[in-house]
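Notes for the one structure printed next.
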Amino acid sequence: MTVKLSLPKNSAMLSTDFTYGVATASFQIEGGADNRLPCIWDTFCDTANKVIDGSNGLTACDHFNLWQQDIDLIESLGVDAYRLSISWPRVITKSGKINPDGINFYINILDELKNRNIKAFVTLYHWDLPQHLEDNGGWLNRETAYKFRDYADLISQAFGNRVHSYATLNEPFCSSFLGYEVGVHAPGKVGKEFGRKAAHHLLLAHGLAMKVLSKNSPKSLNGIVLNFTPCYPASNNEADKKASDFADDYFNQWYIKPIYDGEYPSIIDQLPPEHRPDIQDEDMSIISHPTDFLGINFYTRAIYRADEQEQFIQIPAPEPRTDIGWEIYPKAFSELLTSLNDKYTLPPIYITENGAAIADVLVEDKVADLDRIDYYQKHLNAVNDAIEQGVNIQGYFAWSLMDNFEWAEGYLKRFGIVYVDYKTQVRTIKSSGLAYKALISNR
Ligand code: FCB
């Protein structure tokens, strides 16, 4: 069976100027928990019934010890870039100073990437907030935004010119809504009065850090990574369309509009005052600091219908679905990219995450993940379609380099293009990894 990924002959994505990469995040792969401060995900994992398989990130993929062979693996895939995140509790002490051991761990990685001509796309915050900051209110405390700025300042000075691109935050929607409004992610707070407040402080943190990054690292591409789950109405009737638009403003536009338009979506006026963030005078101009790129993560869409009590109700995801229950609907990806391009004046876009959870099985040292290849094929086509319609997209990162700790799903869901046997820590490139490699190297 041919298990190939391909693109139309004249596709801009076949140019060697288009950046292909693989992505990971610190808490999901590193382990090495003894060498850092605790973070909110350690605490969340230790709380009963939060993570489905009762697992934690103490060892994960043991990347803390295996990073050299992991860089060999990344190089063997032939990618142009590697997107990683920095563990804030590994690099900054409780008193706010650089932790030399922690910083050296990343400097060694960055130097090794440079030696091999692999561009480093560094995300400063992929959800592992130091627990001591959460003890002080976490993202509900405005002070945390300034702590993040100071962290970004120290890190970007220490890393010098080793970084090709900095993203301040990964998916502030997840940190704020999942973490502080519905509580299915760390720190597990629940309350409509929390979500928007946390989001505002995260966005403020982003803006404050952007200023610092453009001073300390003017040559890197500095920006943010946002996730989008495009909203579709359950029917053509006006009430469903309104419900879906409201959901779109609440879940998607809420995080991008402040950055590119300097204001929240107008639904802010419909929220009860106690659910609204506390916006101080300069905040919106800080948040809308220019960015050099926008990172977009896409996995699936969501469908909404109207309801008499609630603003919207999400209906169950139709088939086909991946192993995590997310509908496979690539059309939403190209429609998302063109619609954002119409709505906002955007910098160049990088697809910083896209991929599928599949119930992989390792048979005779092989993983024939044909469904994942199919997912990638359809979504690469969707990106290509958006480019053909005039959207400026410069790169694409597969989520993920390897199977890892999938947050509240623990180790049960596999997103890697490389299989990880958690008992032995042996890595095996899946068929999707081989197909990705072939696509990249045949350009
Ligand atoms: C995204 C996260 C990433 C990973 C994928 C599946 O929301 O950024 O860490 O868990 O989903």
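One-based numbering along the sequence shown. Just the heavy atoms: all of them, side chains too, but no hydrogens, waters or symmetry mates, feed the values below. Just follow the structure's listing: the first ligand is 1, and inside any ligand the first atom is 1.
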Could you list the donor-acceptor pairs under 3.5 angstrom formed by side chains in residues 17-24, with sequence neighbours left out?
from	atom 1	to	atom 2	distance (Å)
Tyr20	OH	Met13	O	2.9
Thr24	OG1	Tyr82	OH	2.7

*Compute the ring centroids of Trp326 and Tyr375, then answer whether they are less than 6.0 Å apart.*
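So the answer is no for these two rings.
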*Does the ring center of Phe44 lie less than 6.0 Å from the ring center of Trp407?*
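Here the rings of Trp407 and Phe44 have centres that are no less than 6.0 Å from each other.
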*Classify the angle between the aromatic ring planes of Phe121 and Tyr350 as parallel (below 30°), tilted (30 to 60°) or perpendicular (above 60°).*
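The arrangement is tilted - the two ring planes meet at 30° to 60°.
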_Cation-pi geometry met for Arg301 and Tyr329 (6.0 Å, 45°)_ =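 Judged by the rule, Arg301 and Tyr329 form a cation-pi pair.
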*asked:* Any donor-acceptor pair under 3.5 Å linking the side-chain atoms of Asp46 with those of Asn56?
replied: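 No, because no side-chain N or O of Asn56 sits under 3.5 Å from a partner of the opposite role on Asp46.
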*Close-range residues for ligand 1, whose non-hydrogen atoms fall below the 4.0 Å threshold*: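 Within 4.0 Å of ligand 1, protein side: Gln28, His126, Trp127, Asn170, Glu171, Tyr299, Glu353, Trp399, Glu406, Trp407, Phe415.
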